[in-house]
Amino acid sequence: MSKLSFSGHDSFICKQFWLKKGYDFVLSEKKFTAETAVVDLGVGKNMVSSIRYWLKSFGLTDNNDNLVGLADYIFGAKGKDPFIEDIGTLWLLHYQLIVTGKASLYSIIFNQFRKEKPDFTKAKLHSFAKRKCLESDSNYTENTVDSDIAVFLKNYVKPKEGKINIEDDYLGLLQDLNLIKQYRLANIDDKQTEWYKIENEIRDDLPYQLVLYAIIDNNSYSNTISFNELKEGFNSPGSVFALSKNCLFNKIEEIIKNYPQITFSETAGNQVLQIKSKPTQFDVLNGYYK
């Protein structure tokens with residue numbers, strides 16, 4: 001198991017316009033380490049580091065702060081959705097955040113943790129993250145993991161009425177995906193505890209093209225992929241997007257309807273997706289952003 005990485009966000013969630021702001025900053029060949037970065041980005045010093053972290057975590061820059069093709073595709077002068085107004089872009093960014101693996105907590109939650117414990121508290125998630133750190137011989141610090149969990153939840157969970165902090169909570173980039181449900185339960189001492197849940201569901205607002213993108217992007221797949229692997233495998237569309245069996249099947253039906261070179265069949269009880277010729281990732285995205 002590869003080592004896990006926590007922290008880097010300086011306790012800031014990824015705010016609505018930070019990725020575009022960071023993209024423009026890097027495109028202008030400015031440096032996050034320069035003294036002028038605070039002025040150029042119009043944010044505090046810790047926020048400069050956080051913007052840099054989120055660009056890498058979403059797979060929009062490499063380890064040397066160079067922009068990758070997907071960043072230009074979304075945020076460039078002819079970008080498809082530079083201000084992230086399309087729900088499909090949110091799903092794409094969510095996918096990138098999980099599979100890039102720079103923010104390890106997100107990958108272990110969607111690929112591992114939620115399959116063991118779809119309902120969880122912060123404490124249960126912390127215990128799981130600690131165990132994974134020990135298993136992978138990764139550095140573990142209690143406060144760092146707590147901070148990662150707090151930021152993770154703020155990125156995805158909409159604040160309850162009466163608890164809205166406009167400066168922070170209300171601006172979480174991925175909240176509109178509604179991936180995480182929040183509720184309260186009384187414990188044995190009748191004390192109310194916050195619980196969270198990531199269920200496999202029907203996701204009508206997830207474009208089938210993004211499901212295909214996730215399949216094409218996964219280098220571990222051959223041209224023949226079992227339905228079970230698509231549903232349960234590491235970085236599979238079923239895992240990353242938290243899809244129910246019926247939802248994944250419906251998305252596959254849309255894929256084979258629109259891509260004749262892709263078929264889905266069942267032989268001796270084995271359901272498999274077969275790809276005779278792979279479209280490129282950008283061709284798939286162009287099919288959505290047309």
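The closest side-chain heavy-atom distance from Val38 to Val43 is not below 4.5 Å. Looking at Tyr196 and Tyr156, their side chains never come closer than 4.5 Å, going by heavy atoms from C-beta outward. Between Leu70 and Phe282, some side-chain heavy-atom pair lies under the 4.5 Å cut-off. At a threshold of 4.5 Å between non-hydrogen side-chain atoms, the residues Leu60 and Gln96 do not count as touching.
Aromatic ring centres of Tyr288 and Tyr213 lie farther apart than the 6.0 Å criterion allows. For Tyr140 and His126, the distance between ring centers is under 6.0 angstrom.
Inspection of the Ser136 and Ser138 side chains reveals an N or O donor paired with an N or O acceptor under 3.5 Å. In summary, the side chains of Asn178 and Arg203 do not present any donor paired with an acceptor at a separation below 3.5 Å, with no hydrogens or angles considered. No donor-acceptor contact under 3.5 angstrom links the side chains of Thr193 and Thr121, judged on distance only. Between the side chains of Gln112 and Lys132, at least one donor-acceptor pair of N or O atoms lies under 3.5 Å. Side chains of Asp81 and Thr89: a donor on one and an acceptor on the other come within 3.5 Å.
With sequence neighbours excluded, no residue satisfies salt bridge (charged side-chain N to carboxylate O under 4.0 Å, His left out) with Asp146.
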(request) Please test Leu19 against Cys14 for side-chain contact (heavy atoms from CB on, under 4.5 Å), starting from the C-alpha separation and ending with a verdict. (result) CA-CA 8 Å; Leu19 297 180; Cys14 186; 3.9 Å; yes

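Ring-plane geometry between Tyr106 and Phe152 is classed as perpendicular, the angle between the planes exceeding 60 degrees on a 0 to 90 degree scale with a lower cut at 30.
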